[in-house]
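Sequence lines set the chain letters: A, B, ... in the order given, protein chains first and strands last, and positions in each chain run from 1. Just so we're clear, the structure is a prediction, and the values are computed from it rather than from any experiment.
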There are 2 protein chains.
Amino acid sequence: MSGQSNQEKLWEKLEEARERVIRAIATNIDLYGVPSSIGRLYGTMYFHDEPMTLDEMSDALGMSKTSMSTGVRSLLDIKMVQKTYRKGVRKDLYIVEEDWYQSFFHLFSSKWGRAIQHNEKEISLAKQQIEDIYQQAEDEELKETLSRDLAKLEHALEYYTWLKKLVKAFETGEIFEFIPKPSSRNP
Amino acid sequence: MSGQSNQEKLWEKLEEARERVIRAIATNIDLYGVPSSIGRLYGTMYFHDEPMTLDEMSDALGMSKTSMSTGVRSLLDIKMVQKTYRKGVRKDLYIVEEDWYQSFFHLFSSKWGRAIQHNEKEISLAKQQIEDIYQQAEDEELKETLSRDLAKLEHALEYYTWLKKLVKAFETGEIFEFIPKPSSRNP
DNA sequence: ATGTTCGTACAGAATTTATTTTACAAACTG
DNA sequence: CAGTTTGTAAAATAAATTCTGTACGAACAT
């Protein structure tokens with residue numbers, strides 16, 4: 001009755017196993033600030049061993065080509081996907097960045113790095129302003145409040161200094177000196 | 001013409017400086033998966049040196065008390081805010097967790113930790129499934145595909161093992177052995 | 001040129017997420 | 001006990017995000 005051969009069923013089972021992984025990726029990719037549907041796109045590309053075109057993605061996910069275009073772009077932004085070229089192929093081709101360490105580190109240097117830089121700047125400015133106010137303050141209560149705020153901002157700046165060092169340790173790979181990669185068979 | 005004393009203007013200037021910081025926090029708190037308006041709530045509490053009630057928050061932000069209730073809850077979830085008590089006060093009181101290192105580390109052990117655990121489990125299951133398929137596979141092309149997928153999943157599992165170690169180094173504070181806190185005047 | 005194909009900008013539709021309003025249960029007050 | 005106050009659930013509304021369809025310019029092909 002079954003119209004499929006044994007081997008065909010195995011291919012189907014492989015699809016099921018892949019689907020399990022894709023679902024897991026899609027569920028948690030929001031940590032990278034990417035919508036789940038685009039996580040699914042990433043997962044699909046992850047198992048697709050050839051570079052994919054926007055049309056192929058559109059077919060594979062049943063979504064519009066426009067969505068694939070913007071989706072791929074956001075994956076490119078966080079370097080989870082790369083553009084490739086191939087002789088005589090006119091369409092844009094994309095492959096996933098398979099090294100998940102790199103993706104993780106890049107997330108930090110981009111999203112977190114930008115936030116750190118911005119907040120550090122703003123907090124420094126605020127600190128400056130508060131120091132200026134302190135110069136002119138006479139009211140004792142005001143002066144106390146200003147001191148408390150300064151202490152907070154100094155703590156915050158220290159924290160950002162530390163975070164920057166962490167991000168740098170990611171970027172340079174120095175973090176592996178402290179937390180080595182689990183050695184696979186082939187170091 | 002100005003109805004304010006010099007000192008009153010200084011208080012206003014302080015508000016401006018604080019507003020600068022609050023805005024910076026609100027802008028970037030999405031990295032913690034929290035909406036910007038609730039980041040503003042956090043910032044407000046950060047500078048409010050006394051514990052706050054939901055009604056005070058509501059007044060301070062011009063938002064509904066219900067929003068404050070759910071907002072505070074999400075900040076509690078990620079341990080950026082704590083509940084406190086005070087003799088003879090009936091209302092719930094909340095203060096911010098001022099140690100930003102702790103907040104950062106907690107983000108990892110909660111949000112990232114949960115994601116790691118989930119993905120690791122699903123990927124292990126998928127790997128198992130694929131190994132089972134491999135046993136039954138005869139088609140050479142299928143077998144090659146299965147091998148490639150297995151290699152990918154093994155790499156992924158290694159990555160998660162490493163990530164777990166990183167999270168643990170955060171949780172235990174061991175990370176400071178590698179990246180020491182910038183020493184303030186008072187160690 | 002002329003006609004295709006390809007990628008994306010843009011405007012609107014669909015969906016999801018945030019916020020408020022209303023309502024109510026639990027804990028207190030007198 | 002009747003009357004408040006407090007926090008939150010649930011439903012309704014508002015706002016933001018994601019997705020789609022159309023349209024168009026750029027690159028290529030003939």
Quick one: is [X] getting a side-chain N or O under 4.0 Å of the [N] phosphate, OP1 or OP2?
X	N	value
K65(B)	dG7(D)	yes
S69(A)	dG7(C)	no
S67(B)	dT19(C)	no
T66(B)	dT19(C)	no
R73(B)	dA9(D)	yes

Nearest-Å distance for atom pair [atom1]/[atom2], residues [X] and [N]:
X	N	atom1	atom2	answer
K91(B)	dA26(C)	NZ	P	21 Å
L54(A)	dG21(D)	CG	C1'	16 Å
Y94(A)	dT8(C)	OH	C1'	10 Å
D92(A)	dA26(D)	CG	C1'	12 Å

Among dT20(C), dT20(D), dT6(D), the one nearest M63(B) by side-chain distance: dT20(C)
Ionic contact status for D30(A) with K111(B), cut-off 4.0 Å: no
Test item: side-chain donor near acceptor, E174(A) and T172(A), under 3.5 Å: yes
Between S69(B) and T66(B), a side-chain donor and acceptor under 3.5 Å: no
Audit row: W100(B), F105(B), side-chain contact (heavy atoms from CB on, under 4.5 Å) steps and yes/no: CA-CA 9 Å; W100(B) 288 7; F105(B) 294 156; over 6 Å; no
Sugar-phosphate only, base, or nothing, as touched by S37(A) at under 4.0 Å among non-hydrogen atoms: sugar-phosphate
Of I38(A) and R90(A), the one whose closest DNA chain D nucleotide lies more 5': I38(A)
